[in-house]
Visitor: 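A single structure is presented below for examination.
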Amino acid sequence: MSWLPLSFGAPMVLWGLLALPVIWWLLRLTPPKPQTEVFPPLKILARVLRREETPQRSPWWLTLLRLLMAALVVAALAEPVFNPREKLPAEGAALALVIDNDWASAADWNKRVATAERLINDAGSNGVPVVIAFTAEKPNAEIGPFDAAAALDRLRAAKPRPIPTDRPAVYARVAGVLGGLPGASVAVLADGLAAKGDEAAFNTLLSKNAARVVWAVADRLSLTGLTSAENQVDGFALTAVRAPGDPAPAQVTAGAFDDKGRRIADATLTFAPGEAAATGTMAVPFELRNDFASIALDGERHAGAVRVLDESSKRRRVGLLSQAEADQAQPLLSPLYYIRRALQPFADLVEPSSADLADAIPQILDQKPAMIVMADIGTIPAQVRQRLVDWVDNGGTLVRFAGSRLAAAGNDDDLLPVRLRTGERSLGGALSWTSPQPVTEFPKAGPFADLAPPTEVTVTRQVLAEPTPDIVERTWAALADGTPLVTGLKKGKGTLVLFHVTPEATWSNLPISGSFVEMLRRIVQLSRNQGAAVANAEAAATSLAPYRMIAADGSLVPPTPDARPLVPGAGTLPVTFENPPGLYGSETGVFAHNLLDVASTFEPLARPQLTVPVTTIQYAFDESRNLKGALVAAALLLMLLDTLAVLWMGGLFWRRPRRAGAAATTAAVLIALGALFGHADLARADDAKPGDQGAIEAISKTRIAYVLTGVPGVDSISRAGLEGLTRFLIEKTALEPGAPAGVDISKDELSFYPLIYWPIDPAAPMPSQAAIARIDAYMQQGGTVLFDTRDQFANGIGADSTSPATERLRDILANLNVPPLEPVPSDHVLTKSFFILPEFPGRFAGSPLWVEASLDASNADNRPVRTGDGVSPIMITANDFAGAWAVDENGDPLLPTVPADPMQRVYALRAGVNIMMYMLTGNYKSDQVHVPILLERLGQ
């Protein structure tokens, strides 16, 4: 039975509402007890006439209250549910629940779990066993069948994995279990992404005794993934993909992070309407790009939106080769000298240990360089030539420089970008008709297009390229007469580049110009790393240990216990349960293993053609609410109100209670009411005023206050000082003060604090007359103000020339009713209220502590501890107490003492303890002097 948005689990119980008229009739026959009053003449009448009278009927409002209470009980027994959900088809011999828990399910995993819980609960209510399997778990994970409780435990223990689904294998295992369970219900909770082998997997799953299917899908496939991040010439080129056919344009922001997780670059990728791919570029300097450790899409909480980077995306390795023997005496004539100087700032340079090309070229190739530079190398040995050609075809960049050897060698179509004429061309010589040629504008289609042509560079000798129809397309730089200076050609995945001059300054002054560095820099950026260099070559050939893993939500985490070493190999390595995406290797070198590759696409999962009944549901949380508990609580509340009403009508609250039982009954009712509503403040006064709660909190603990001067440095030292004194009080005494309080003397209530510390600073504004009047009233009412001028080494109190702080103190005291003052006598209570102290140092030592003078200070014989029971309302020092007490969060002192004596700080803290004990206990110790006399008198 369902009345939207309300339904009942046992609707037949609602027939009990028909009994309400009967209950009403019974209530009329049993009215409440009449009220009785004690009246003495009634005792006489009672002897004459004894007749009991009862009311004819109960009040209408009491009858209505009881009828409502009965209706609530009946409604509660009917098990009402607000916003009920439709019961899912979880019946038959078993419920087979297959759940995609791959990376694509991470963003809304909690919704998927809630949906699966509803299915399992419905299966449990029907007494149906549950087969539960996850498509991104261990291949040998147990799948059941289980009872509903065990299935819920396994569901709640599961979590999304940063790997693709393996539907064929998992669905085959579930189909094997369903073979012995005819008429089962199959619930498919998919991630919405199509994968290879889906059609065969669904055919296998649904061909084994599936009587009905529950198909759960997301509202829409809204995933966005990052498929590539290429470090190119002008920046990191990014490619993102989404589900095809989305008519709305969209923008996503990608962020680059260094190895410490700091964001160092951004880029925006825009999806055109209906487009499934978007590209963007992080145009940042090359040096900054070398710090990139990962790139992630903002707002995408899954592993497909993150790419980790290794050395193949960072600084390039460049191999250097030359047939010329090194001349240590003349390094400027070395063919590799200027190349090394130009490449060292932004590339890792490697050179062979052998001058023989047959050995040198394999040595360089074994180190997987991104680029190889050959300085005037003519013929390549036949035994290594093919390996070099394969390296170029697979993505290597070969840069060659001309020279006499190259000019004399024959053409090599596999390792040169253009065909060369035999010999070399001389410009500006005695037998030449032409003068040295400058460099003209760089072609717009080449990698040097945005560079300014070097006006100071001229070429006197060069090797010439054969004129061919495509010579213009292969020319990256040319001379003024149109002859190529630099030519380039894409070959396979790699690049061939030829400088038609030597790498030293014999044929041209290009190698000693700034343009040479920029040209080589652009070529290096065009190259692609061939893999990360690992120090242990044997380890690199076998396996790499997990180092940092990408979690299902896209965060970088330590390796999980299930992760296994990765064996690098050619091509794209699959992401599996044992090899999840992340970084493999160690701190010396890592290999990036990412979830998505350049060929990845997001194709929506199509529902298979089914011949059995299908129920389609959406992932959602269970928003239904069982109202049984609330209705029972409401009925109990009405029962309590009924009890109170009966007691009231019986006169319990009208006359003075004469028995302890009545008081106990009332107290029990109040306690029950408090337990029902969870209130602990039923007896709170109705006349509470704003600020009362703050006042209660202020006096709940003893707190020391300090005056807020408005000078940040002074106020921070005051607070740190009182915090240090508070710690010392807690450690050394039974007093446990609260945190120090900063007070504004112009408006804050001062009577809450027994002592107010006031650091005098001439830079602080002068208090107003009203504020000084409040201080004066505070001192008259028993409070004490400790003034600290902190100027012992400027001028102390009583000096001929006073300091600015002392002048300010005098201005303040001129408006206060200050009693006569004197330095603390040696027998004053302050010297022994807790510690025995002869003096009261602070951060400085030497200034006396001034207090209210004794009544007869001039009589030294009658002086010992005779100041009465009062406490001095004022204290003055120049020793900077707060500076000595101040500590940081670790309890270490903030400021040094002057002089630097560790015991001076201890004495300063002891002085603070004595002052605080004196403030809280008064002159109680002054009575100890009279103890012998009192004992003597008592003896008499």
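Keep in mind it's a predicted model, so treat the numbers as computed, not measured. Residues: numbered from 1 along the sequence shown.
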Visitor: Check whether R301 reaches the backbone of A106 with its side chain - one donor and one acceptor, N or O, closer than 3.5 Å.
Guide: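 Not at all, since once roles are kept as given, no pair shorter than 3.5 Å links the two residues.
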Visitor: Using a 4.5 Å cut-off on heavy atoms from C-beta on, say whether the side chain of D298 contacts that of R263.
Guide: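 The answer is yes; the side chains approach within 4.5 Å.
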Visitor: Measure the spacing between CG of L735 and CE of M916 and express it to the nearest 0.5 Å.
Guide: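 One finds 6.0 Å between CG of L735 and CE of M916.
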Visitor: Any side-chain heavy-atom pair from P162 and H302 closer than 4.5 angstrom?
Guide: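 Contact flag for P162/H302 side chains = no.
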Visitor: Using modelled atom types and a 3.5 Å cut-off, is there a donor and acceptor pairing between side-chain atoms of D776 and backbone atoms of N815?
Guide: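 Here the side-chain-to-backbone pair does not exist.
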Visitor: Are any of the side-chain nitrogens in E723 or R727 under 4.0 Å away from the carboxylate oxygens of its partner?
Guide: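 No.
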Visitor: State the CZ-CG distance between F835 and L909, to the nearest 0.5 angstrom.
Guide: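 Result: 9.0 Å between the selected atoms.
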Visitor: Might you work through the ring-ring contact (aromatic ring centres under 6.0 Å, His included) test for F236 and F292, ending with a clear yes or no?
Guide: CA-CA 10 Å; F236 252 97; F292 289 3; 5.1 Å; yes
Visitor: Taking atom CZ of F881 and atom CD1 of I915, what is their separation to the nearest 0.5 Å?
Guide: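 Between atom CZ of F881 and atom CD1 of I915 there are 4.5 Å.
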Visitor: Spell out, as yes or no, whether a donor-acceptor pair under 3.5 Å connects the side chain of Y907 to the backbone of E839.
Guide: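 Not at all, since once roles are kept as given, no pair shorter than 3.5 Å links the two residues.
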Visitor: Which value, rounded to the nearest 0.5 Å, describes the distance between W885 atom CH2 and L725 atom CG?
Guide: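 W885 CH2 to L725 CG: 5.0 Å, rounded to 0.5 Å.
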Visitor: Short question: side chain of S718, backbone of V714 - any donor-acceptor pair under 3.5 Å?
Guide: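 Side chain of S718 to backbone of V714: a pair is present.
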Visitor: So do F787 and L813 actually touch side chain to side chain, heavy atoms under 4.5 Å?
Guide: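 Yes, side chains in contact.
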Visitor: Does the pair T806 and D791 meet the rule for a side-chain hydrogen bond (donor to acceptor under 3.5 Å, both in side chains), with working shown?
Guide: CA-CA 8 Å; T806 304; D791 59 352; 2.5 Å; yes
Visitor: Given 3.5 Å as the limit, does a donor-acceptor pair link the side chain of R774 with the main chain of D748, or not?
Guide: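 At least one qualifying donor-acceptor pair exists.
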Visitor: For a salt bridge (Lys or Arg N to Asp or Glu O under 4.0 Å) check, start with the C-alpha distance between R790 and D761, then their side-chain angles and the critical distance, and finish with the verdict.
Guide: CA-CA 8 Å; R790 306 172 297 122; D761 192 290; 3.2 Å; yes
Visitor: Name the residue from L226, I550, D553, L297 that meets the side-chain contact (heavy atoms from CB on, under 4.5 Å) definition with V306.
Guide: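 One option only clears the test, and that one is I550.
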Visitor: For D880, is there any backbone N or O sitting under 3.5 Å from a side-chain donor or acceptor partner on D788?
Guide: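 Checked: pair present.
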Visitor: Does any N or O in the side chain of R703 come within less than 3.5 Å of the main-chain N or O of P737, such that one atom is a donor and the other an acceptor?
Guide: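 Looks like no, no N/O pair under 3.5 Å.
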Visitor: How far apart are the C-alpha atoms of Y547 and E587, what are their side-chain angles, what is the distance that settles it, and do they pass the side chain to side chain contact (heavy atoms under 4.5 Å, CB included) test?
Guide: CA-CA 8 Å; Y547 181 62; E587 294 181 355; 3.2 Å; yes
Visitor: Heavy-atom distance under 4.5 Å between the side chains of L755 and T784, does that happen here?
Guide: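 Of all side-chain heavy-atom pairs linking T784 with L755, at least one is under 4.5 Å.
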Visitor: Return yes if some donor-acceptor pair links the side-chain N/O of D259 with the main-chain N/O of A293 below 3.5 Å, else return no.
Guide: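 Not confirmed, D259 side chain does not pair with A293 backbone.
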Visitor: Check whether R307 reaches the backbone of I295 with its side chain - one donor and one acceptor, N or O, closer than 3.5 Å.
Guide: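 A pair under 3.5 Å: no.
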Visitor: For a 4.5 angstrom cut-off between non-hydrogen side-chain atoms, does W758 reach I775?
Guide: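 Yes. Closest side-chain heavy atoms under 4.5 Å.
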Visitor: Atom CD1 of I876 and atom OG1 of T789: how far apart are they, to the nearest 0.5 Å?
Guide: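 So the CD1 of I876 and the OG1 of T789 are separated by 8.5 Å.
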Visitor: If only atom types and distance count, is the side chain of T831 paired as donor or acceptor with the main-chain N or O of S826 below 3.5 Å?
Guide: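 Between the backbone of S826 and the side chain of T831 there is a qualifying donor-acceptor contact (under 3.5 Å).
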Visitor: Output the distance between atom CG (L729) and atom CD (E736), rounded to the nearest 0.5 Å.
Guide: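 L729 CG to E736 CD: 10.5 Å, rounded to 0.5 Å.
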Visitor: Taking the side chain as C-beta and beyond, is there a heavy-atom pair between I760 and E807 under 4.5 Å?
Guide: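 A side-chain contact under 4.5 Å is absent here.
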